[in-house]
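Values below: all heavy atoms of this structure, side chains included; hydrogens, waters and symmetry mates excluded. Each chain gets a letter, A, B and so on, in the order its sequence line appears, and its residues count up from 1. Please read all numbers here as calculations on a predicted model, not as lab measurements.
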Amino acid sequence: MAIERYNPRVAEPKWRDAWDAAKLFQTDNSDPRPKYYVLEMFPYPSGRIHMGHVRNYTLGDVLARYKRSTGFNVLHPFGWDAFGLPAENAARDKNVNPREWTYSNIETMKGQLKTLGFSWDWTREFASCDPSYYKHQQKLFLDFWQHGLVERRAAKVNWDPVDMTVLANEQVIDGKGWRSGALVEQRDLTQWFFKITSMSQELLDGLDTLERWPDKVKLMQSNWIGRSDGLAFEFGLVGAPAGFEKLPVFTTRADTMYGPTFAAISPDHPLATELAKKNPEVVAFIEKCHQLGTSLAEIETAEKMGFDTGIKVTHPADPTWTLPLFIANFVLMDYGTGAIIGCPAHDQRDLDFARKYDLPVIDVFKPLDSDASVGDVAFVPPKTETVRYVQWGGEPTVQTCQEAMERSLALFEEAGWGQRKVQYRLRDWLISRQRYWGCPIPVIHCDACGAVPVPADQLPVELPADVTFDRPGNPLDHHPTWKHTACPKCGRQARRDTDTMDTFVDSSWYFARFTDPWNASEPTTLSVVDGSTGWLPVAQYIGGIEHAILHLLYSRFFVRAMKKTGHLNVVEEPFEGLFTQGMVVHETYKGPDGWVTPAEIKISDADGKRTASLLADGSPVEIGGIEKMSKSKKNVVDPDDIIETYGADTARWFMLSDSPPERDVIWTEAGADAAHRFLQRIWRLVAEAADALRSAEGKGADDEAIAKAAHRALKSVGEDIEKLAFNKAVARLYELVNVLAAPLGTAAETGKASAALREAVDFLIAMVAPMMPHLAEECWAAIGGTEMIAARPWPQYDPAWLVDNDVTLPIQVNGKKRGDLTISRDADQSAVEAATLALDFVQKALEGRQPKKVIVVPQRIVNVVG
RNA sequence: GCGGGCGUGGCGGAAUUGGUAGACGCAAGGGACUUAAAAUCCCUCGAUCUUUGAUCGUACGGGUUCGAUUCCCGUCGCCCGCACCA
């Protein structure tokens, strides 16, 4: 009997329609079963999906389908991170409306994604640019403001001269804008901030509760928050301008307080600014500092520069001890107090500075085994190292730096010279953007009343539709009428805030909105958002490592802020489990005229030598490195092409095979072929034996080998999926199919299938279902299934099949494997030992010696030492 | 510079966390079926040697252990994050 090849183009749409018609993936908030919220990071609607999306959503979909089959009420929603600069760039370059451009992209991408068979609840879909979404975001902003979590203040901000907007510190990479790559300038502007620093410690402490987050991400966040413990004290000032009596300083090395030889302030320090008013030399020096770039290379090569102010500072422990005060280029204004205590012997920067300006160097402590003084390399041992303190308010003392710091802190606190202080690297989150395509900041500026919140009943403050992009700057500001309005307080003419929010705000709470996107009056519905009847935290969040800091930290802040403002009940952390998947990478190809796409070439492989040539004219192509898919390198494959050629299931299967999901996966044509071959193989084996399988009993022990293989595969595949170890689950499925291939062939020939075989095929289809859902439905229907496999429960394995009556133990002699011993599982230690020693290869390996010792690890191994 | 991670066949990767190294897949080679091809099926596939077997082998060098890819110390190489953070 000839069986037709499986045709995904026919089968896949058929099953998707069936799922839709049955509303299988629509989630009911009131369903009493245990809840499981699986979420993939929502995408920016850039125009078309790429293979990275396919991988991300496949991982999430396998989990969602699996969890659904194991009895959970699964929430698996989808939406769009739809505000952002590309829409404005498209508007400017192609003369389209950003809104239309965005929604049209969404339509296109939605169409593409639908063909992949992801089990999303589309009824909950929204885009962050929907007024029905950002209305609530504006409400959150106002509530945060009311609760002291928002602040408007003048600040030195990062200005991107190309994108014509300010950037958050996190969006400045090596001194350049993260999108434009333009050199960022410093400007003084009045801007809106979320006071994320008010939660530094909570955000740090919360990391310890995130057991299912990668350590790497937690570490990155911890470093980013950057807590340091130290001493806060004040220098007295001698000869400083009026109003500057004291100079507050922070140091993490309280133990070096007896070794400073200078003090320094930042060029941006208020005292420096004050001095500049009277002294043109100071002005010149500060200007020189500002001219120095902030790029990586520039910082590394930057000379230490100082300007001696002539002012003296007095040491807190001894007012007669004075030090010179410098303005120094390496002191940052936005960390600590913008002033430092310079202890050259134990800080390389201070030492470089001291050597340049001929300042004294005082050794505070020395190594135990040397009396040498510091030369050009500062002595900075680990804090746990024991050293000899020679410059130490008293007798020389041998102790660790840690101990010395503790003693010093205690001394300074007791004497009233300073206090312990905790300092964080984290800065407040600047959210104002001078852009059009973002959520408007719902504030009205009135000359009489100041910044006034837009009343709740006037939300949303909607973006105007009629905007132009023919000149640089903010279209909202240019708009002829939009910003003019009445002050809600006094009714006089006032102006709307023309800034929009950083788009990271949009993605900081969308996961909460998905729990009830229909609530028109409130951002969240408290009965379903979290707590015993609600969804949050997200049980498994899946996305790229590139969001390790920004998006995830902001979301963690938002959850805390939403709880404070009554928009959440109990939840502390948004994402209970986090999984960061790797990229999809591909070989690159370089032809005579530059990079060429994989579709344009042909690869031949003879005896392991791979060569490539252009399809068009056969000219040779150089096979380059494996890199992240990018348009510039042309090493992209289009998901549409893959689906057209192989179908969605093959693409999904490939994404799960071979590479562990947290690592990069290399997309290859051969791999895609192999995935497709396996899909066809399953179909052929099942379809050819379908008649036999249909008439077989559903459960049975009539073929031990098959039953064992099936139950074992079922157990390990379930466990692997729970661990998101999809590559291992895939390997187990290959193994199972290898076992079933021959019996299925026989069944097809004889028309008879054992009950065990039928059960094994049931298991196989159930296990394949989360990964290749369309194929699973087709197979299930072929062997007589009536309800859809997507609606059926995950089968139960029988533990009885997991144990063998006999075990085969590897036998080692002196640590080297010499053979195997098959023995009853219940055999006790002495029986195993006796049987081992009786083996001829053991005797031979012992060469007549008496065994000194026999180590029997039950069910594992035997090692004879002789 | 600081912090973190990784290193296993030609390739992607397994190895029950101290117990048979190389599962599974790819690539390659050989064979069967076929007029032929495709598809499918079967076999081989870490290295070396004196090849019914043995020795070596998880970046390199040591160590702990009956036993180490796994733990410890050192070296080399690669990757990631942060970076004048006091």
Between [M] and [N], how far apart are the [atom1] atoms? Round to whole Å, please.
| N | M | atom1 | value |
| --- | --- | --- | --- |
| B/G9 | B/A14 | P | 14 Å |
| B/C72 | B/G18 | P | 11 Å |
| B/C11 | B/G46 | P | 13 Å |
| B/A86 | B/C6 | C1' | 33 Å |
| B/G53 | B/U64 | P | 34 Å |
| B/G10 | B/A47 | P | 7 Å |
| B/G19 | B/C24 | C1' | 22 Å |
| B/G57 | B/A21 | C1' | 9 Å |

Taking atom [atom2] of [N] as reference, at what distance in whole Å does atom [atom1] of [X] sit?
| X | N | atom1 | atom2 | value |
| --- | --- | --- | --- | --- |
| A/Tyr424 | B/C82 | OH | C1' | 19 Å |
| A/Phe654 | B/C26 | CZ | C1' | 9 Å |
| A/Trp667 | B/C26 | CH2 | C1' | 14 Å |
| A/Asp840 | B/U52 | CG | P | 17 Å |
| A/Arg253 | B/C85 | CZ | C1' | 15 Å |
| A/Leu426 | B/C82 | CG | P | 14 Å |
| A/Leu679 | B/A39 | CG | P | 16 Å |
| A/Phe841 | B/U52 | CZ | C1' | 16 Å |

Worksheet item: Are OP1 or OP2 of B/A39 and a side-chain N or O of A/Arg681 less than 4.0 angstrom apart?
Response: no
Item to complete: Ignoring backbone atoms, establish whether A/Tyr335 has a side-chain N or O less than 4.0 Å from OP1 or OP2 of B/A86.
Response: yes
Worksheet item: In the 5'-to-3' direction, what one-character label does each nucleotide of nucleotides 9-22 of chain B receive under the scheme B = base within less than 4.0 Å of a protein heavy atom, S = sugar-phosphate only, - = no such atom?
Response: ---BSSSB--BB--
Worksheet item: Syn or anti: how is B/G22 classified when any glycosidic angle within 90° of 0 counts as syn?
Response: anti
Response to the item:
If one requires at least 3 consecutive Watson-Crick or G-U pairs with distances under 3.5 Å, the stems of RNA chain B turn out to be B:1-7 with B:76-82, B:10-12 with B:24-26, B:28-32 with B:40-44, B:46-49 with B:53-56, B:59-63 with B:71-75
Practice prompt. Could you please spell out the steps behind the side chain to side chain donor-acceptor pair (under 3.5 Å) verdict for A/Asp255 and A/Ser408?
Written response: CA-CA 6 Å; A/Asp255 61 325; A/Ser408 200; over 6 Å; no
Worksheet item: Going through the distances and angles, do A/Asn738 and A/Arg681 end up as a side chain to side chain donor-acceptor pair (under 3.5 Å)?
Response: CA-CA 10 Å; A/Asn738 287 343; A/Arg681 186 175 189 216; 2.9 Å; yes
Discussion item. Aromatic contact between A/His346 and A/Phe365, with the criterion being ring centroids under 6.0 Å apart: yes or no?
Written reply: yes
Worksheet item: Taking the six-membered ring for Trp, are A/Phe307 and A/Phe326 ring centroids under 6.0 Å apart?
Response: no
Could you tell me whether [X] contacts a base, only the sugar-phosphate backbone, or nothing, with contacts defined as non-hydrogen atoms closer than 4.0 Å?
| X | result |
| --- | --- |
| A/Ser228 | sugar-phosphate |
| A/Asn738 | sugar-phosphate |
| A/Arg818 | sugar-phosphate |

Worksheet item: More 5' along RNA chain B: A/Asn814 or A/Lys216, using each one's nearest nucleotide?
Response: A/Asn814
Worksheet item: Starting at the 5' end of RNA chain B, which residue's closest nucleotide do you reach first, A/Phe330 or A/Leu219?
Response: A/Leu219
Select one nucleotide: of [options], the one nearest the side-chain heavy atoms of [X].
| X | options | answer |
| --- | --- | --- |
| A/Met220 | B/C66, B/C41, B/G81 | B/G81 |
| A/Ala670 | B/C26, B/C24, B/C66 | B/C26 |
| A/Asn329 | B/C84, B/A23, B/U55 | B/C84 |

Practice prompt. Return the orientation label for the A/Phe654 and A/Trp667 ring planes: parallel under 30°, perpendicular over 60°, tilted otherwise.
Written response: tilted
Fill in: base_contact_polar (B/C66 base, A/Lys852 side chain, donor-acceptor, <3.5 Å)
no
Worksheet item: For A/Ala339 and A/Val249, which heavy atoms make the closest approach, and how far apart are they?
Response: O-CG1, 3.6 Å
Item to complete: Could you tell me which non-hydrogen atom of A/Ser222 sits nearest to which non-hydrogen atom of A/Leu207, and how far apart they are?
Response: N-CD1, 3.7 Å
Taking NZ, NE, NH1 and NH2 as the nitrogens, is one of them in [X] or [Y] under 4.0 Å from a carboxylate oxygen of the other?
| X | Y | answer |
| --- | --- | --- |
| A/Asp376 | A/Arg355 | yes |
| A/Asp334 | A/Arg427 | yes |
| A/Asp804 | A/Arg712 | yes |
| A/Glu719 | A/Lys723 | no |

Worksheet entry | Polar contact flag, side-chain donor to acceptor under 3.5 angstrom, A/Gln419-A/Lys421 | no
